[in-house]
Amino acid sequence: PISLMDPHKPQRDDEKARIEADGGIVVWYGAWRVNGILSVARAIGDKKLKPWVIGRPDVAEFDLDGTEDFLVVACDGLWDVMDHEKVIDFVYKFREDKIGGNPKGVAQALATHCIKTL
């Protein structure tokens, strides 16, 4: 598996340094939070937390060669509940259980699993 991203969490060293350099704080309040409120360091629309929570994404390019079994595109909510290996195992198991390896419904199954896990 290839990880294409690293969630923008306030406890990441680079995100924490950026937030603190701009006068914000990162505190533990059930989860690491920017100014005790938001548990992500990058988001769109959280104006009251600007300049600490920014909307600028990290951008990277990866070449796909067609041998990939699947690509998971998900929000931080999935990664808060499941790590990369658990997601990969879940998708493979889901495909094994479906006739012909049909992935239809895997996104809903992942979301349902995460909600039940909370």
Side-chain angles (χ1 to χ4, degrees):
I2 299 170
S3 178
L4 303 180
M5 60 62 144
D6 183 15
H8 294 108
K9 296 293 186 178
Q11 68 266 29
R12 259 182 41 183
D13 290 340
D14 59 335
E15 292 293 337
K16 184 177 181 185
R18 179 188 58 74
I19 292 162
E20 291 175 346
D22 284 334
I25 59 170
V26 175
V27 297
W28 177 260
Y29 188 65
W32 289 105
R33 298 182 181 277
V34 177
N35 289 358
I37 300 171
L38 196 63
S39 65
V40 295
R42 299 194 188 201
I44 299 171
D46 292 289
K47 291 183 179 182
K48 66 183 175 185
L49 292 176
K50 300 295 183 201
W52 313 292
V53 177
I54 61 174
R56 187 179 63 246
D58 286 336
V59 178
E61 292 184 23
F62 296 87
D63 292 324
L64 302 178
D65 62 13
T67 62
E68 301 80 15
D69 290 333
F70 53 85
L71 175 68
V72 175
V73 179
C75 69
D76 58 305
L78 174 70
W79 308 118
D80 285 348
V81 177
M82 299 174 76
D83 63 25
H84 290 93
E85 291 301 319
K86 286 180 183 173
V87 170
I88 290 166
D89 292 345
F90 187 97
V91 172
Y92 277 127
K93 176 79 170 101
F94 184 92
R95 289 175 58 184
E96 286 174 14
D97 292 345
K98 294 290 181 178
I99 297 172
N102 186 347
K104 185 175 182 178
V106 70
Q108 181 64 49
L110 277 165
T112 300
H113 174 79
C114 289
I115 291 168
K116 287 180 179 179
T117 303
L118 296 177

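Every value quoted in this text rests on a predicted model; they were computed, and no experiment measured them.
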Parallel, tilted or perpendicular: ring planes of Y92 versus F70, cut at 30 and 60 degrees: perpendicular
Whether W28 and W32 hold their rings parallel, tilted or perpendicular, with breakpoints at 30° and 60°: perpendicular
Inspect the surroundings of [atom1] in [X] and state if more than 12 heavy atoms from other residues, nucleotides or ligands are less than 6.0 Å away.
X: K50; atom1: NZ; value: yes
X: I44; atom1: CD1; value: no
X: F62; atom1: CZ; value: yes

Side chains of I37 and V53 in contact at under 4.5 Å (non-hydrogen atoms): no
Validation row: T117, M82 side chains within 4.5 angstrom (heavy atoms): no
Note: R18-D14 ion pair, threshold 4.0 Å (strictly below): no
Under 3.5 Å donor-acceptor, [X] side chain and [Y] backbone:
X: W52; Y: I25; result: no
X: R12; Y: D6; result: yes
X: E68; Y: G66; result: yes
X: D65; Y: T67; result: yes

Do [X] and [Y] belong together in a cluster built from hydrophobic side chains that touch within less than 4.5 Å?
X: F90; Y: V81; value: yes
X: L4; Y: V73; value: yes
X: V34; Y: W79; value: no
X: V40; Y: I54; value: no

Evaluation steps, side chain to side chain contact (heavy atoms under 4.5 Å, CB included), between D58 and R42: CA-CA 10 Å; D58 286 336; R42 299 194 188 201; 3.3 Å; yes
Which atoms form the tightest heavy-atom contact between [X] and [Y], and what is the distance?
X: A41; Y: I19; value: CB-CD1, 3.9 Å
X: D22; Y: P51; value: OD2-O, 4.0 Å
X: S39; Y: P10; value: O-CD, 3.3 Å

Rounded distance [0.5 Å steps], CG in L110 versus CG in L78: 5.5 Å
Spatial distance of atom CD (E20) from atom CD (E15) [nearest 0.5 Å]: 11.5 Å
Chi angles and distances behind the side chain to side chain contact (heavy atoms under 4.5 Å, CB included) call for D80, K9: CA-CA 10 Å; D80 285 348; K9 296 293 186 178; 2.6 Å; yes
